[in-house]
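Just below is one structure, and these are the notes that go with it.
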Amino acid sequence: MVDSLGVAVVGFGWMGRVHTQAYARVLHHYPRLPLRPELVTVAEEVPGRAEEAAAQFGFASTARDWREVARDPRVRAVSITAPNFLHREIGVAMAEAGKHIWIEKPVGLTPADAGAVADAVAKAGVQGAVGFNYRNAPAVEAARELISSGAIGTVTHVRIRLFSDYAAHPDGALTWRYERERGGSGVLGDLASHGADLARYLLGDIASLTADTAVFIPERARPTGATAGHTRATGGVLGPVENEDYVSCLLRFASGARGVLEACRVSVGEQNNYGFEVHGTEGAVFWDFRRMNELGVSRGTTYQDQPVSTVYVGPGDGEFAAFQPGAANAMGYDDLKVIEAHRFLRSIAEGSPYGATLPDAVHSAAVVDAMVRSAESGSWVNVQA
């Protein structure tokens, strides 16, 4: 028998829509899941947006204030997809209200923010999932298995890249994303947090690092109305961009491996160029998000001139079988969020965490904080998780 679980979504921008669609699809792909998510309410402060969401997706009710969700006894689980600066307040309040939370990264603006949400979840005895979706790709899970099994020997070094053009246009509006107080550390929280999670997921803890950051578009026009996504604005009053457009970072892992992590939100000509290359003493593995279902794999004992094969992930890799019957049938970004929704709901049903959790967010936040401290000091710093 499948039990119903009342869910709510707080913040209905693009990511709120993605979470909602994942709830709607999850039982299609995981029919044995013992919980059926029911869309109880959607909270959004922008006038009319919650009502539009309810009409399209079938939420039973709407709210302008997220605090109504915390008080709603029908709601047992909440997706928190509001802006970064609200993560801590909403996350702690929902956990204290006894509600399970699926919260988007970076879980606040600082390690203290992420830690506060993690502590609230642990104290309340609820489940907490975090939106580190790239680790859910079956190819990434397959790469992790190759690395941990020793198939490429001892890992020597890794390169992780996250290049995008979402902020490349100089007419991009000066939204909360570009303010230190509300958007935190810019591209470090937006993209490098994903890179930090992938690095740890694949290779283990990062011990120390040195980083350099830059702002390449120093001023933007202030928007005159409500914004969603990456809205453009022209003719408005110019204001300063307070946080980072770019970061490059050298990593030292606890294992002794070395790494490079680079992220940029203003890379003209780059659309979601995310991926990694992991090199070992006997091989290497390569992944590009834009070819999400492929891995480049080199292994053996040839060492010099050793070839690289393209491997298409299939039903034996990660959660691929829940979506496609055979290798080389493509999965997409939204499927990664369905996997995330499944793991969140499974955690609730079984009382044990599956997938990325709040402690993972704390570790990622510690790496981002170390980047900030290193860029300020110009020196190597230890990661304090």
Side-chain angles (χ1 to χ4, degrees), residues 105-106 109-111 114 132 134-135 140 143-144 146-148 152-165 167 180 184-216 243-270 272-289 296 298 356 359-385:
K105 58 84 214 170
L109 305 180
T110 65
F132 289 125
Y134 299 110
R135 63 155 66 187
V140 173
R144 187 174 188 243
L146 285 170
I147 293 165
S148 64
I152 63 170
T154 301
V155 172
T156 53
H157 60 101
V158 59
R159 178 174 178 263
I160 298 174
R161 68 188 185 282
L162 300 109
F163 299 142
S164 186
D165 63 356
R180 181 73 62 183
S185 53
V187 76
L188 279 72
D190 279 353
L191 295 181
S193 60
H194 277 301
D197 182 68
L198 279 174
R200 182 168 172 264
Y201 182 70
L202 293 169
L203 303 182
D205 287 342
I206 298 168
S208 60
L209 58 81
T210 184
D212 182 39
T213 62
V215 177
F216 295 134
N243 54 27
E244 296 81 357
D245 288 332
Y246 170 85
V247 61
S248 62
C249 190
L250 299 178
L251 310 172
R252 291 175 180 164
F253 291 85
S255 66
R258 297 297 195 263
V260 176
L261 192 159
E262 191 176 13
C264 185
R265 65 187 180 187
V266 297
S267 296
V268 175
E270 301 281 15
N272 298 338
N273 181 358
Y274 308 154
F276 56 76
E277 301 105 41
V278 181
H279 294 267
T281 54
E282 297 178 2
V285 59
F286 309 88
W287 181 70
D288 187 326
F289 168 65
S298 176
D360 293 316
V362 172
H363 280 278
S364 176
V367 173
V368 169
D369 179 67
M371 292 179 189
V372 173
R373 290 186 287 116
S374 175
E376 291 173 348
S377 67
S379 61
W380 283 87
V381 300
N382 292 327
V383 175
Q384 299 170 351

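- Looking at every heavy atom in both residues, A263 comes nearest to L191 through CB-CB, 4.2 Å.
- Annotation for V285 and A143: closest pair CG2-CB, 4.0 Å, computed over non-hydrogen atoms.
- Interatomic distance, CG of D205 versus CZ of F253, reported as 9.5 Å (0.5 Å rounding).
- The CZ atom of F276 sits 13.0 Å away from atom OH of Y134, with the distance rounded to the nearest 0.5 Å.
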(request) Determine, step by step, whether W380 and L250 satisfy the side-chain contact (heavy atoms from CB on, under 4.5 Å) criterion, reporting the C-alpha distance in whole Å, the side-chain angles of both residues, the deciding distance to 0.1 Å, and the verdict. (result) CA-CA 9 Å; W380 283 87; L250 299 178; 3.9 Å; yes
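- Atom CG of residue D369 and atom CG of residue L109 lie 12.0 Å apart, to the nearest 0.5 angstrom.
- One N or O on the side chain of S148 and one on the backbone of R144 form a donor-acceptor pair closer than 3.5 Å.
- Remark: side-chain polar atoms of R373 are paired, donor with acceptor, to backbone N or O of N382 under 3.5 angstrom.
- Among all heavy-atom pairs drawn from A284 and I152, the shortest one is N-CG2, 3.6 Å.
- Ring-plane geometry between Y274 and F289 is classed as parallel, the angle between the planes falling under 30 degrees on a 0 to 90 degree scale with a further cut at 60.
- The heavy-atom pair separating S164 from N272 by the smallest distance is OG-OD1, 3.7 Å.
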(message) Apply side-chain contact (heavy atoms from CB on, under 4.5 Å) to residues T213 and L188 and explain how you reach the verdict.
(response) CA-CA 9 Å; T213 62; L188 279 72; 4.2 Å; yes
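- Side-chain atoms of D245 come within 3.5 Å of backbone N or O of F216 as a donor-acceptor pair.
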(message) Before you tell me yes or no, could you show the steps for S374 and L209 under side-chain contact (heavy atoms from CB on, under 4.5 Å), namely the whole-Å CA-CA distance, both residues' side-chain angles and the distance that decides it to 0.1 Å?
(response) CA-CA 7 Å; S374 175; L209 58 81; 4.0 Å; yes
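- Contact annotation: the side chain of V260 never approaches that of I160 to less than 4.5 Å [non-hydrogen atoms, C-beta and beyond].
- Electrostatic pairing of E244 and R265 does not count as a salt bridge here, judged by no charged N lying under 4.0 Å from a carboxylate O.
- Close placement of the H279 and F286 rings is indicated, their centers lying within 6.0 Å of each other.
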(request) Decide yes or no on side-chain contact (heavy atoms from CB on, under 4.5 Å) for R180 and S185, but give the supporting numbers first. (result) CA-CA 6 Å; R180 181 73 62 183; S185 53; 3.9 Å; yes
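- K105 and S193 get closest at one heavy-atom pair: CD-OG, 3.4 Å.
- In this structure, R200 contributes its side chain and S364 its backbone to no donor-acceptor pair below 3.5 Å.
- Here the CG-NE2 distance, from L251 to H157, works out to 13.0 Å after rounding to the nearest 0.5 Å.
- The shortest non-hydrogen separation linking V247 to A192 is CG1-CB, 4.1 Å.
- Between the side chain of T154 and the main chain of T281, no donor-acceptor pair closer than 3.5 Å is present.
- Salt bridge annotation for D197-R135: present, with a cationic side-chain nitrogen under 4.0 angstrom from a carboxylate oxygen.
- The CD atom of E262 lies 10.0 Å from the CG atom of D212; values are rounded to the nearest 0.5 Å.
- Side-chain N or O atoms of S267 include none that pairs as donor or acceptor with a backbone N or O of D165 at under 3.5 Å.
- In this structure, the side chain of N243 engages the main chain of G184 through a donor-acceptor pair within 3.5 Å.
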